[in-house]
Enquirer: 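The structure that follows is given in the form of structure tokens.
As a basis for the values below, the full set of heavy atoms in this structure was taken, side chains included, without hydrogen atoms, waters or symmetry mates. Nothing fancy with the numbering, it's 1 onward along the sequence.
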Amino acid sequence: MSVSVLSPSRLLGGVSRILQVASLLILLLLLIKAAQLYLHRQWLLKALQQFPCPPSHWFFGHFQKFQQDQELQRIRKWMEMFPSACPLWLWGGKVRVLLYDPDYMKVILGRSDPKSHGSYRFLAPWIGYGLLLLNGQTWFQHRRMLTPAFHYDILKPYVALMADSVRVMLDKWEKLLGQDSPLEVFQHVSLMTLDTIMKCAFSHQGSIQVDRPSDPTEEGSTTEGGGAGEGQEEEALGFPGHPPLGQREAPGLPRPCCSGWACFRNHLDQMPYTTMCIKEALRLYPPVPGISRELSTPVTFPDGRSLPKGITVMLSIYGLHHNPKVWPNPEVFDPSRFAPGSAQHSHAFLPFSGGSRNCIGKQFAMNELKVATALTLLRFELLPDPTRIPIPMARLVLKSKNGIHLRLRRLPNPCEDKDQL
């Protein structure tokens with residue numbers, strides 16, 4: 001019986017033919033993909049021909065023309081060149097249409113388009129599919145189920161818990177006043193916010209700020225609640241009014257009208273000047289710089305321009321809040337923009353969105369902001385560090401690239417002056 005043995009040359013020839021076929025298949029697939037990308041880009045160019053934008057690279061888009069962390073400056077520049085909207089080309093032929101005109105954004109907010117899957121899919125393993133990521137009927141059912149928990153009257157008892165968390169933070173600041181250097185407050189405020197959420201949402205009995213291991217540069221308080229000025233704070237938070245714009249005698253708060261947390265809870269919505277300042281700060285620095293939506297049907301805007309189904313639009317909250325056609329001198333801090341009856345007030349998007357998907361926790365957030373602002377200004381005067389001005393940077397949320405550094409000055413306790421009691 002004879003055995004046929006393949007020679008090395010015949011074996012190499014067979015492998016070579018297999019590699020050639022594989023190479024041809026790979027090349028064919030690449031050509032098909034390239035053709036698909038080309039046709040998709042041509043479709044996008046035709047769909048966006050009504051929306052001019054700066055020249056872009058065919059593959060790298062607009063990212064090649066701008067330095068890192070310059071997105072916010074780019075939006076402000078483009079608003080002057082391209083009114084209402086402008087396409088932002090990403091790498092690989094992907095594009096988002098930035099909207100920063102209030103009339104354009106109202107059209108999108110009045111629709112039920114789903115959030116862009118590509119922009120939020122990386123959040124799913126982290127936070128799961130809750131109100132932020134859900135769409136359609138499932139979202140509506142979850143939202144309806146949770147709405148009663150955020151009723152204004154339900155949130156009132158949380159004010160005391162918020163104040164406890166703020167006082168722990170302020171007590172830590174007092175211990176750090178002896179250091180001859182500005183205090184970086186971002187981490188302190190972040191822990192205070194986490195502390196409040198843990199107490200209000202999960203009934204946590206301790207304090208995240210106290211339980212967290214301290215380091216030599218950040219020494220926490222050893223007791224929760226209490227602290228210097230607690231009685232003064234509880235009395236002063238019941239005030240019904242605020243000083244006029246530009247008043248310098250006190251850092252924002254007049255003499256108290258009554259004492260106790262019950263009074264403060266009842267007057268939480270009677271803080272007009274503080275509310276105006278908070279809203280103006282949120283206008284200048286919105287925590288969420290933008291929200292993506294993927295058009296499920298074609299849309300036509302008030303000026304007649306339109307976008308087809310499948311286009312991703314980015315509602316640029318930062319762009320709207322810095323649009324000079326909406327806000328005169330948009331880079332100037334001017335709380336009077338939000339005075340009752342102001343025409344500009346109706347264009348305020350703030351960080352809470354609008355339409356059917358407005359933020360369910362906006363009242364909780366505003367309560368926490370008012371409590372933290374009032375308690376802080378009763379105890380400290382805050383001065384910026386001119387050598388380290390915060391540099392805004394757009395990520396999933398707006399943050400400072402170099403932290404937030406402040407100089408603190410302890411204010412005298414007005415209750416020590418019996419003439420003011």
Enquirer: Just so I know, are the side chains of Arg379 and Asp171 near enough to count as touching, which here means a heavy-atom distance under 4.5 Å?
Expert: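 Contact flag for Arg379/Asp171 side chains = yes.
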Enquirer: Measuring from Asp101:CG to Lys325:NZ, what's the distance to the nearest 0.5 Å?
Expert: 8.0 Å
Enquirer: State which residues pass side chain to side chain contact (heavy atoms under 4.5 Å, CB included) with Phe82; sequence neighbours excluded, sorted by chain then number.
Expert: Pro52, Pro54, Trp78, Cys86, Tyr100
Enquirer: Please list all pairs meeting salt bridge (charged side-chain N to carboxylate O under 4.0 Å, His left out) that have one or both residues in residues 31-47, counting only residues at least two apart or in different chains.
Expert: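 Non-adjacent pairs meeting salt bridge (charged side-chain N to carboxylate O under 4.0 Å, His left out): zero.
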Enquirer: If you compare all heavy atoms of Pro87 against all heavy atoms of His62, which two are closest, and at what distance to 0.1 Å?
Expert: O-CE1, 3.6 Å
Enquirer: So for atom CH2, which belongs to Trp58, do other residues, nucleotides or ligands contribute more than 12 heavy atoms lying within a distance under 6.0 Å?
Expert: no
Enquirer: Which atom pair, heavy atoms only, marks the closest approach of Ala47 to Leu307?
Expert: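 Scanning both residues, the minimum pair turns out to be O-CD2, 4.3 Å.
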Enquirer: Does anything in residues 290-320 pair up under ring pair (Phe, Tyr, Trp, His ring centres under 6.0 Å), and if so which pairs, sequence neighbours excluded?
Expert: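 Matches after skipping sequence neighbours: Tyr104-Phe301, Tyr318-His322.
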Enquirer: Using the test side-chain hydrogen bond (donor to acceptor under 3.5 Å, both in side chains), find all partners of Thr387 that sit at least two apart in sequence or belong to another chain.
Expert: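 For Thr387, the residues satisfying side-chain hydrogen bond (donor to acceptor under 3.5 Å, both in side chains) (neighbours in sequence not counted) are Asp385.
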Enquirer: Side chain to side chain contact (heavy atoms under 4.5 Å, CB included) for Arg76 and Glu331? Distances and angles first, verdict last.
Expert: CA-CA 10 Å; Arg76 293 202 300 266; Glu331 305 306 318; 3.4 Å; yes
Enquirer: With side chains defined as the heavy atoms from C-beta onward, is the minimum distance between Leu48 and Val95 less than 4.5 Å?
Expert: yes
Enquirer: Could you grab the distance from atom CG of Leu109 to atom CZ of Arg293, nearest 0.5 Å is fine?
Expert: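 Rounded to the nearest 0.5 Å, the CG-CZ separation comes out at 7.0 Å.
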Enquirer: Treating Glu294 as the side-chain partner and Val313 as the backbone partner, does any N or O pair qualify as donor plus acceptor under 3.5 Å?
Expert: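 Between the backbone of Val313 and the side chain of Glu294 there is no qualifying donor-acceptor contact (under 3.5 Å).
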Enquirer: Going by side-chain hydrogen bond (donor to acceptor under 3.5 Å, both in side chains), name the residues that satisfy it together with Ser296, two or more places apart in sequence or in a different chain.
Expert: Asp113
Enquirer: Quick one: list whatever passes side chain to side chain contact (heavy atoms under 4.5 Å, CB included) with Phe333, sequence neighbours left out.
Expert: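 Phe333 satisfies side chain to side chain contact (heavy atoms under 4.5 Å, CB included) with Cys277, Glu280, Ala281, Leu284, Pro335 only.
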Enquirer: Within this structure, what is the CG-CG distance for the pair Asp164 and Leu375, rounded to the nearest 0.5 Å?
Expert: 9.5 Å
Enquirer: Could you check if a side-chain atom of Val159 sits within less than 4.5 angstrom of a side-chain atom of Lys370, using non-hydrogen atoms only?
Expert: no
Enquirer: I need the minimum non-hydrogen distance between Leu398 and Pro289, along with the two atoms involved.
Expert: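 Nearest heavy atoms, Leu398 then Pro289: N-CD, 3.7 Å.
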Enquirer: Below 4.5 Å, heavy atoms only, C-beta onward: do Phe364 and Thr196 meet side chain to side chain?
Expert: yes
Enquirer: Do you know which two heavy atoms are closest between Ser165 and Lys199, and how far apart they sit?
Expert: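 Residues Ser165 and Lys199, closest heavy atoms: OG-NZ, 3.3 Å.
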Enquirer: Would you indicate whether the side-chain heavy atoms of Trp327 and Arg283 approach each other to under 4.5 Å?
Expert: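 Yes, close enough: below the 4.5 Å cut-off.
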Enquirer: Using every non-hydrogen atom in the two residues, find where Met79 and Pro324 come nearest and quote the distance to one decimal.
Expert: CE-CD, 4.4 Å
Enquirer: Mind checking the CE-CE spacing from Met169 to Met192? Nearest 0.5 Å is all I need.
Expert: 4.5 Å
Enquirer: Using the test side-chain hydrogen bond (donor to acceptor under 3.5 Å, both in side chains), find all partners of Thr147 that sit at least two apart in sequence or belong to another chain.
Expert: none
Enquirer: Would you mind listing every salt bridge (charged side-chain N to carboxylate O under 4.0 Å, His left out) that reaches into residues 300-317, with sequence neighbours excluded?
Expert: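 Residue pairs with at least one partner in residues 300-317: Asp303-Arg305.
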Enquirer: Assess whether side chain to side chain contact (heavy atoms under 4.5 Å, CB included) is satisfied between Ile278 and Thr373, documenting all intermediate values.
Expert: CA-CA 9 Å; Ile278 290 173; Thr373 301; 4.1 Å; yes
Enquirer: If you round to the nearest 0.5 Å, how far is CG of Leu37 from CG of Leu30?
Expert: 10.5 Å
Enquirer: Would you please name every residue forming a side-chain hydrogen bond (donor to acceptor under 3.5 Å, both in side chains) with Ser400, sequence neighbours left out?
Expert: Asn402
Enquirer: What distance separates Phe380 CZ from Arg409 CZ, expressed to the nearest 0.5 Å?
Expert: 11.5 Å
Enquirer: Taking C-beta and beyond as the side chain, do Glu368 and Thr193 meet within less than 4.5 Å on heavy atoms?
Expert: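 The answer is yes, as the side chains (C-beta and beyond) meet within the 4.5 Å cut-off.
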Enquirer: Can you name the residues that form a salt bridge (charged side-chain N to carboxylate O under 4.0 Å, His left out) with Arg144, not counting sequence neighbours?
Expert: none
Enquirer: Return the set of residues passing side chain to side chain contact (heavy atoms under 4.5 Å, CB included) with Glu80 (not counting sequence neighbours), or none when no residue passes.
Expert: none
Enquirer: Write down the atom of His321, the atom of Pro330, and the distance for their closest heavy-atom approach.
Expert: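 Closest pair (atom of His321, atom of Pro330, distance): O-CB, 4.4 Å.
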Enquirer: Would you please name every residue forming a side chain to side chain contact (heavy atoms under 4.5 Å, CB included) with Leu146, sequence neighbours left out?
Expert: Leu131, Ile360
Enquirer: Begin with the C-alpha distance, continue with both residues' side-chain angles, and end with the deciding distance and a verdict on side chain to side chain contact (heavy atoms under 4.5 Å, CB included) for Leu183 and Leu406.
Expert: CA-CA 5 Å; Leu183 178 65; Leu406 298 175; 5.7 Å; no
Enquirer: Got Leu295 and Pro298 here, is their nearest side-chain heavy-atom distance under 4.5 Å?
Expert: no
Enquirer: Can you find a pair of side-chain heavy atoms, one from Cys200 and one from Leu161, that are under 4.5 Å apart?
Expert: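 Yes, at least one pair of side-chain atoms sits under 4.5 Å.
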Enquirer: Between Leu396 and Val288, is a side chain to side chain contact (heavy atoms under 4.5 Å, CB included) present by the stated rule, with each step listed?
Expert: CA-CA 7 Å; Leu396 182 63; Val288 180; over 6 Å; no
